[in-house]
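Only one structure is covered here, and it is reproduced in the block below.
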Amino acid sequence: MIVSMTGIVKRYARHTALDHLTMEVRKGEVLGLLGPNGAGKTTAIRVLTGLTAADAGKTALFGQEMRARAAEIKRRIGVVPQDLALYETLPARENLWYFGKLYGMGGAQLKSRTDEVLEVLGLTEVAKKPPKKFSGGMKRRLNIGCAVMHRPELLILDEPTVGIDPQSRSHILDFVTEMNAQGTTVLYTSHYMEEVERICSRVLIVDAGRVIADGSVAELTRTVLFEETVVIEVKNPAPSLPDSIKNIQGVLRCDTDGHILTVTSTAGSANLARMLECAAPFVILGVTGKRPTLEDAFLALTGKKLRDGGEGE
Amino acid sequence: MRGFFATFRMGFKYLWRSPVSAAILIGFPIVMILILGTALSSYISGETDLEPAKVAVAADPQGELAAFLRSGEIARFFTYTFTDINEARRLVEAGEVTAAVIEDASGTEVFCEAGEGFDASLALAVVDSYQEIGSAAAAAAAQGRDVYGILGQEIAVRDVPLGMRVPSATDYYAVTMLVMILMMCGTNGIEMFGKGLLSDTGSRSLLTPVSKAAHVGGLLAASTVTSFLQGMVTFVFTAAVYGVYWGQRVPLVLLALFAVVLLSQSICIMLVLLFKRPDAASGLAQGLFYVLTLVSKGYSKINFGAADAVFQYAPNAMAHTVIFGAIYGGNEAKMALYLGLLFAASAVFFAIAFILGRRRLA
């Protein structure tokens, strides 16, 4: 076990940011921490890394308490903060050099690792330029580079792709996947569902400071398999058609949008034939079955859409 | 120590590249050029608004002392009345002159009334003449008016070395300006601690294995060394371009300047940790340093009356006293006291900053 947080409580005045949060990060996995804004993701990371003290609960990294072996533990982890944490007027190379130095690197090792990180993150050509002249994506990449200079065993990324272009996002996700393939355990927080689906082997859904679901993407989507959705496209449907479909056994609701009827039924109702029978008097343009996604699972579990309320916590 | 030196190197480079540093490095020398240029031009053209000090001289009008008093820049600031010893004393006691320069077989002496602190010597009379321009109060204190024998209501006596150099207007400007610049350099500390400790970048540094002490030490060293070197740019600039006289005891002058740097750093770091907002701390600090310069008689024509007795302990004023003392010869005990007070005040502010920092990082 790389990380173990048990019963963590953190309060700010009257607001409880973490409410007996319990989670584990296993060696070699990419764990996604998914939650809406204000769910407690960043606070959890601050407590985990020792930046913020918890009011209650126990945290262990690599089987040890941070307070007892802070320097030793910090040497084994890399943290990519949510906000850019760079010296904007210093060249990119100088930023990497500095954080490499803080992690105890030096000499030829530091120089070769700096070159390597610049290369992997596609920043070699701008190595001598200060980040203030970078695009948002380049800054984000350098922000990550500073955290991986010392090849950490555990890499913690807090919303590392906020506000960047798709190309840079893809670059970053590939980089994280590659780091994981090389043996780095990753804790990845995001409210971008597709990112989590793409790179995470396990997902924790956090809401109101608590973990409310834990499993792989497949396992989580299975939690909403109690519903099935069929989309039927009909040419010039009669106004009474939705009501007819609603009367079919197992149908929970039928939403209409012009020619498109979205019918949600209880799982296993096997009522598609009867729906098509109702629609038969009209010209059926298409029928599509819709599988539940992580977004559906999230919505079902929290009652919230993941990206409500903007970015960050 | 590796973390300390890494942070020091980073901070040093960061500050030299920051806009604030650029303003201090480029902006202040430009201000120096403008102000010193003005001072020099008025000096050359003789269009100063200084009131000449009235001095009675009991000496041979054709002798060496008279020639000295009439020479160069000294003569510009005095109105001499050549007379005999008794008349000179009477003029002083009647308040018709501010001092009397008396030459007899035993040497040269200056007489003045007790309480006429600035005029306790010929040099102090020069200082007084400059009062409307520079930091006369500090210079006067540096000349040691309390030491050279203002004895109750008795007339005081001081020996005057004929070859003594007297400060010019440019020297006053340079000292006052340099002390102010070094105080302003305290904003380097705000910049450094704001970025390196209170920002996300600072938090990130605290996630590394480097201890907080090494990290904070590196930040402090970077801002202190940078500030001192920035002051040295002005120091060298004034000496090389304007021929400002920094005296024979340069190490002592530099020690005084270093004390100013430490004090301004401590004040600024305390402020940024108190407000947690670098922009607010910077604005407050700059306002404070302008006020301190003003009350220390830097360029100021304002007489603060009884408050001047307190303002001589303003950091700038104490620094002026030590520096002028080092250059022109002052009261060593007072210089040591003021240096000690500057370092002690720094220690107090650093201690407060330390407590605030612990609370901030808790």
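Protein chains get the first letters and strands the later ones, always in sequence-line order, with residue 1 at the start of each. Keep in mind it's a predicted model, so treat the numbers as computed, not measured.
A 6.0 Å sphere centred on CZ of A/Phe62 holds more than 12 heavy atoms belonging to other residues, nucleotides or ligands. The number of heavy-atom neighbours closer than 6.0 Å to CZ of A/Arg76, taken from other residues, nucleotides and ligands shown, is above 12.
Distance check: B/Leu206 CG to A/Leu102 CG gives 10.0 Å after rounding to the nearest 0.5 Å. To the nearest 0.5 Å, the span separating NZ on B/Lys195 from OH on A/Tyr87 amounts to 7.0 Å.
Of all non-hydrogen atoms in B/Arg204 and A/Ala85, the two that sit nearest each other are NH1-O, 3.1 Å. Here the closest heavy-atom approach between residue A/Leu84 and residue B/Asp200 is recorded as O-CB, 4.1 Å. Across all their heavy atoms, B/Pro209 and A/Tyr103 have their closest contact at CD-CD2, 3.4 Å.
Here the side chains of A/Lys74 and B/Val210 are not in contact, with every heavy-atom distance at 4.5 Å or above. A heavy-atom distance below 4.5 Å is found between the side chains of B/Lys13 and A/Glu94.
With chain B as the partner, the residue from A/Pro130, A/Ala70, A/Gly104, A/Gly106 showing the most heavy-atom pairs under 4.5 Å is A/Gly104. Ranked by heavy-atom pairs under 4.5 Å with chain A, the list B/Gly196, B/Gly202, B/Ser205, B/Ala214 is led by B/Ser205. When each of A/Thr49, A/Leu86, A/Asn95, A/Val79 is checked for heavy-atom pairs under 4.5 Å with chain B, A/Leu86 comes out on top.
With a 4.5 Å cut-off on non-hydrogen atoms, A/Asn143 touches chain B through its backbone and its side chain both. Residue A/Met149: no heavy atom, backbone or side chain, is found under 4.5 Å from chain B. For A/Ile77, no part lies near chain B; criterion is any non-hydrogen pair under 4.5 Å. Interface remark: B/Ser211 contributes no atoms to any contact with chain A (heavy atom separation under 4.5 Å).
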Using the side-chain contact (heavy atoms from CB on, under 4.5 Å) rule, take B/Arg17 and A/Leu90 through it: C-alpha gap first, then chi angles, then the decisive distance, then the call.
CA-CA 8 Å; B/Arg17 286 167 179 261; A/Leu90 295 182; 3.6 Å; yes
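Judged by the 6.0 Å distance and 45° axis criteria, B/Arg9 is not positioned over the aromatic ring of A/Tyr98.
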